[in-house]
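Comments concern the structure below.
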Amino acid sequence: MLLFKGTKFVILPNRNASSLKFLAELLVKEGGMLVNEEKEIDCDTIVLINDSFITNTNTIMKNELFFKEFDLDPSTVWNNVNTYKLKCVRATCISEWLRKSSFQINPELVLSVEDNLEDNSEDHSGVKFVTHSATPLYNYDLITAKLLKNSEKAARQIPEVYSSSQNKSENSELAGKSMETEVSNKMGEEVKRTVDISQTTSVPKGNEKLIQALGRLAKRYEMKGDQFRARGYKLARIGIEQYPFKIESGAQAQEEISNVGASIAKKIQTLLDNGSLPGLQELFESEKRVDYFTRCHDIGIYTAKKWEIMGLKSFSEACTIFPEDFTRDWPILFGWSYYEDWLKPIRRDECEKLASVVQQELHLIDPQMKVEILGSYHRGAEKCGDIDLFFYKAGCDDISEIGRIMEDLSISLYRKGYVQCFLQLTRKIYKAFNKIIINRLEKCHLKTTPTLQYTARDDNPRKFMLGVKLPDKEKRQFESITFVDNYKLKPEDMFMSLNSDRSPCRRMDFFCCKYSELGAARLQWIGPKEFNRWIRLKAMHNGLKLTQHGLYDNHNVLLESFDEQRIFQLLNEDYISPSERNHVVKKRRKV
DNA sequence: TGGCAATACTG
DNA sequence: CAGTAT
DNA sequence: GCCA
């Protein structure tokens, strides 16, 4: 008897995520039906929510990404959900039902859907520079939509639940113009529901341990400098994260999960049998020291290992033994000074606030320039490690012009107190910033070498790496996050600290591209790294080469650089939306 | 057994 | 070129 | 480490 015979399901926001495709296949195999059109939805349809839109506190993330990624018309579907009061459960319940061979929707699994939009608009003070944003920041997908409107039908309607709490400037961007529009800082608005379904996590119980173990092994080999072996573990780990069933044996894992080979299968078996792997419990003391160092900006494994081999345990010790490391690679001084701040996660709303400061300043310099937040922010992360700002100008392929604008922009922001430090120099930046470097050198008693001359490169950099922060009074509105990982400087290194709990310094990167390379460049800076490697490998297997400048054939002839979706097409891949790029592996499943 | 993404910036 | 970064 |  088929488990789901006759039952209709709709998967939200869409069924294209790799793990969902797999579950959808199983569902159909067991007699379930997937709705393909809005009108097929009836009062008995079961709503499956992609787990990546359910937070770890078991609440539905009804934010902009959720609705943006709907296959079907979001407002029609959501209206149906509300009027029929359809049952919403996690998509991964499918694997649970299959495993138990029992299709039962226990009441505690049902996520409630009514809107309890509390007014969270705390943002009325100290936001002057936000409320006069001249051009919108978060318009990436709308731009894409515009570029593609030939191939797509009408622009999709934005559902009410979404647009009501939505950044108005986005809508006005559709009209091609937006002045004096109010920018909400509640872009990542979540409507939280507290439903305790703790027994149904997205990762099957028991696999967590394996994931953690592989992560540790990856970390260990990374610190050893064996990047490829580390990569092997990382890919296997991603595979297990995506695998919807409990792993019962090493052989099963090797058979079903890509990037799990003989060696990892054996380790998995050992873990299942013994609950642990020899020597995995904790990093060795030496590894801890390497770890401490490499978390500092501009300290990689090479330097960290060099210091560790010399028995050094802290930056201050390293500073006395290898002073030239610090005077030559002066950005280390800022990595040290902001060590703790730069390891703190950044909330989306703070990303937005900082970005709008930048955007305002940019508008003064050149109103034609556009800026977008890419990186993990764009992939929908609740907390970001840094803020990646991406600059371009319609019709402008002159990269040095944009470079100069970014340079002026960063210096203006430095003068206004937002930029705290630069991590690379141009002649202009050196002039403005030199004294701060000297100050840091003196602070740790390094002689300020007069030979501290800086290579003023002829061409403008197309990339700026900065430390930025909001003034204390403007920062106050952002609730502090409870840090799970709270990385601390050792006491003997604290004297260099410029960290601030009140208003932490943040890492911000500026990137730019030629207008003609917009698609390829966005692809790169949206990332994540693993996705970039995956898709570039894909290109390579097709005899092509993909870079931030475009997709090239084997004769280095440009095939496409402007249209992101066209690049996917040429690679024979379905378009993968930014938030889905977090979980891409080489193969979903072995045959 | 060789290859594992591809590029930018710095000394 | 090597090292660190994205 | 894994894979072709």
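Lettering of chains follows the sequences in order, A, B, ..., and the numbering in each one begins at 1.
Counting to the nearest Å, the P atom of B:dA5 and the CG atom of A:Leu551 are 16 Å from each other. In this structure, A:Phe531 atom CZ and B:dA6 atom P are separated by 14 Å, rounded to whole Å.
Between A:Phe334 and A:Phe433, the ring-plane angle classifies as tilted under the 30° and 60° cut-offs. Classified by interplanar angle (parallel below 30°, tilted 30° to 60°, perpendicular above 60°), the ring pair A:Tyr515/A:Tyr392 is parallel.
Among the heavy atoms of the strands, none lies under 4.0 Å from A:Leu217. Nucleic acid contact class of A:Phe228 (heavy atoms, under 4.0 Å, all strands): base. Within 4.0 Å (heavy atoms only), A:Arg220 reaches no atom of the nucleic acid at all.
In summary, contact between chain A and DNA chain C, defined as any nucleotide atom under 4.0 Å from a heavy atom of the protein, begins and ends at C:dG3 to C:dT6 in the 5' to 3' direction.
Of all nucleotides listed (B:dT7, D:dG1, B:dG11), D:dG1 comes nearest to the side chain of A:Lys267. Listed candidates were B:dA5, B:dG11, D:dG1. Nearest to the side chain of A:Arg536 is B:dA5. Looking at the side chain of A:Gln424, the nearest of the listed nucleotides B:dC9, B:dA5, B:dG11 is B:dC9. Side-chain proximity of A:Pro461 to the nucleotides B:dC9, D:dG1, B:dA8 is greatest for B:dC9. Of the listed nucleotides (B:dA5, D:dC2, B:dG11), D:dC2 has the atom at the smallest distance from the side chain of A:Asn259.
For A:Phe293, the ring pair (Phe, Tyr, Trp, His ring centres under 6.0 Å) criterion is met by A:Trp307, A:Phe315, not counting sequence neighbours.
Within residues 304-325 of chain A, no residue has any heavy atom closer than 4.0 Å to DNA chain C.
The shortest distance between the side-chain N/O atoms of A:His541 and the OP1/OP2 oxygens of B:dC4 is not below 4.0 Å.
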